[in-house]
S.K.: 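Structure below; questions to follow.
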Amino acid sequence: MSVFPQLRMRCLRRTEALRRLVRETALLVDDLVQPLFVVPGKHIRQEIPSMPGICHLSVDYLVREVQEIAALGIPGILLFGLPTSKDESGSEAYSAAGTVQQAVAAIKAAIPDLIVITDVCLCQYTSHGHCGILDDSGCVDNDRTVELIARTALSHTQAGADIVAPSDMMDGRVAAIRRSLDRSDFQNRLIMAYAAKYCSAFYGPFREAAESAPKSGNRSQYQMDPANIREALREVELDIEEGADIVMVKPALSYLDVIRKVRETYDHPLAAYSVSGEYSMLKAAARAGWIDEKRAATEVLLSIKRAGADFIITYYAKEAAQWLRQLP
Ligand code: PBG
């Protein structure tokens with residue numbers, strides 16, 4: 001009598017070549033985007049304590065880092081900036097001479113083919129650390145913020161950004177950005193919307209890196225409740241209607257069901273952002289010798305692909321690209 005099909009499958013999985021033949025999901029260097037932090041100044045390369053291996057880089061060192069990233073075959077980067085000074089309305093965010101604007105121009109001059117995505121938000125630039133400007137009652141003023149977000153996106157685009165990625169979660173910002181880019185003849189530049197962005201504890205290390213923690217209150221006024229998935233679909237739908245070219249779910253690992261649901265509901269390109277806390281947890285466990293870092297990180301990234309993301313924004317991009325280039 002023949003063995004059960006399931007047992008036959010198990011035998012098959014013992015052989016690496018057969019395992020490769022029947023594998024359902026592949027993680028490729030093509031799927032990775034590396035986030036980077038640019039700071040004002042020169043010759044600065046300073047590791048962020050809560051994110052081992054990730055550095056604050058001044059533009060000169062940033063360009064070198066991006067050259068290495070591009071040489072590994074990684075298709076794109078996501079750029080965050082820190083200002084020289086902060087104020088109530090985050091004015092350095094939309095200054096043509098801002099750090100991000102300078103960085104984009106320098107990267108585009110050195111490596112024109114690499115996709116440069118910029119994060120568009122005010123929280124690194126405002127003195128109070130919220131993602132927008134505040135009204136008299138201390139609440140974020142949605143409509144006035146949207147104007148500044150659109151100005152920021154336009155300034156990044158003028159500097160050469162291929163894709164702008166609004167992460168502020170204000171209502172109507174995607175439409176406002178689209179209008180402002182189109183008016184300035186940037187019809188062919190893309191918008192990647194942080195569409196379903198949850199109010200997450202996993203942003204902790206990033207807020208240290210970007211010095212962007214709110215001085216008071218939290219972001220639950222404009223970020224989503226981790227308990228909700230139907231709301232995520234509505235957010236995604238609105239951003240698509242407003243003209244988003246790529247939609248994003250963030251964080252990734254605790255929201256694999258959301259990624260899958262968005263994948264099944266919409267045909268738009270879908271990004272997943274594996275955020276700072278997801279990275280730092282793996283790094284910490286690996287440093288303590290509690291997990292095999294390469295296997296664990298690859299498993300996490302693969303799970304995000306399997307859930308349905310087209311690509312993954314991950315602080316592991318560079319390392320993962322190095323791992324993926326080694327033969328098994
Ligand atoms: C800014 C922004 C945040 C992240 C990306 N853009 C932080 C936040 O909302 O507080 C988080 C990224 C990460 O944790 O890696 N609005």
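Count residues from 1 along the sequence. Whatever order the structure lists them in is the order used to number ligands and atoms, beginning at 1.
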S.K.: How about Ser85 and Glu92: do any of their side-chain heavy atoms sit closer than 4.5 Å?
M.R.: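 In contact.
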S.K.: Tell me whether Arg207 has any N or O atom under 3.5 angstrom from an N or O of ligand 1.
M.R.: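 Yes, there is a polar N/O contact under 3.5 Å.
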S.K.: Between the side chains of Asp245 and Arg178, is the shortest nitrogen-to-carboxylate-oxygen separation below 4.0 Å, so that they form an ion pair?
M.R.: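 A salt bridge links Arg178 with Asp245.
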S.K.: For residues 99-114, pull every pair meeting side-chain hydrogen bond (donor to acceptor under 3.5 Å, both in side chains), keeping only residues two or more places apart or in separate chains.
M.R.: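 Every side-chain hydrogen bond (donor to acceptor under 3.5 Å, both in side chains) pair that includes a residue of residues 99-114, provided the two are not neighbours, is Gln101-Ser155, Lys108-Asp162.
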S.K.: So which of Lys250, His130, Glu278 gets nearest to atom 6 (N) of ligand 1, if we judge by its closest heavy atom?
M.R.: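 Heavy atom nearest to atom 6 (N) of ligand 1 belongs to Lys250.
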S.K.: Could you list which atoms of ligand 1 come closer than 4.0 Å to a heavy atom of Tyr273?
M.R.: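 So the atoms of ligand 1 that pass are 12 (C), 15 (O).
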S.K.: Examine the proximity of ligand 1 to Ser167 and report which part, side chain or backbone, both or neither, has a heavy atom under 4.0 Å away.
M.R.: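 Answer for Ser167: both.
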S.K.: At less than 4.0 angstrom from any non-hydrogen atom of Cys123, what atoms of ligand 1 do you find?
M.R.: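 Here the atoms of ligand 1 in question are 1 (C), 16 (N).
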S.K.: Numbering the atoms of ligand 1 from 1, which are under 4.0 Å from a heavy atom of Tyr315?
M.R.: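 Counting from 1, the qualifying ligand atoms are 12 (C), 13 (C), 15 (O).
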S.K.: Do Glu147 and Arg144 meet the salt-bridge criterion of a basic N to acidic O distance under 4.0 Å?
M.R.: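 Glu147 and Arg144: not salt-bridged.
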S.K.: Taking 4.0 angstrom as the limit and counting only heavy atoms of Asp119, give me the atoms of ligand 1 inside it, by number and element.
M.R.: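 Going through ligand 1 atom by atom, the ones under 4.0 Å from Asp119 are 6 (N).
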S.K.: Testing Gln322, Gln34, Glu293 for side-chain hydrogen bond (donor to acceptor under 3.5 Å, both in side chains) with Tyr316, which one passes?
M.R.: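 For Tyr316, the side-chain hydrogen bond (donor to acceptor under 3.5 Å, both in side chains) check succeeds only for Glu293.
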S.K.: Which residue pairs satisfy the ring-ring contact (aromatic ring centres under 6.0 Å, His included) criterion with at least one member in residues 63-92, sequence neighbours excluded?
M.R.: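 Non-adjacent pairs meeting ring-ring contact (aromatic ring centres under 6.0 Å, His included): Phe37-Phe80, Phe80-Phe206.
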S.K.: Could you walk me through whether Glu278 and Tyr315 pass the side chain to side chain donor-acceptor pair (under 3.5 Å) test, one step at a time?
M.R.: CA-CA 9 Å; Glu278 299 175 42; Tyr315 299 95; over 6 Å; no
S.K.: Between Lys197 and Glu235, does at least one N-O distance fall below 4.0 Å, as a salt bridge requires?
M.R.: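 A salt bridge is absent here (no side-chain N lies under 4.0 Å from a carboxylate O).
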S.K.: Which is closest to atom 2 (C) of ligand 1 in terms of heavy atoms, Glu208, Lys197, Met169?
M.R.: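 Checking each option, the heavy atom nearest atom 2 (C) of ligand 1 is found in Lys197.
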S.K.: Mark up the atoms of ligand 1 that fall under 4.0 Å of a heavy atom belonging to Phe80, in ascending order.
M.R.: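 Checking each atom against Phe80, I get 5 (C), 6 (N).
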S.K.: Test your reading of the structure: does Tyr194 have an N or O sitting under 3.5 Å from an N or O of ligand 1?
M.R.: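 The answer is no, given that Tyr194 and ligand 1 share no N or O pair closer than 3.5 Å.
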S.K.: For Cys131, counting its heavy atoms only, list the atoms of ligand 1 lying under 4.0 Å from any of them.
M.R.: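 Per the distance check, 16 (N).
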S.K.: Would you say Ser276 has any N or O atom under 3.5 Å from an N or O of ligand 1, going by distance alone?
M.R.: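 For ligand 1, there is an N or O atom that lies under 3.5 Å from one belonging to Ser276.
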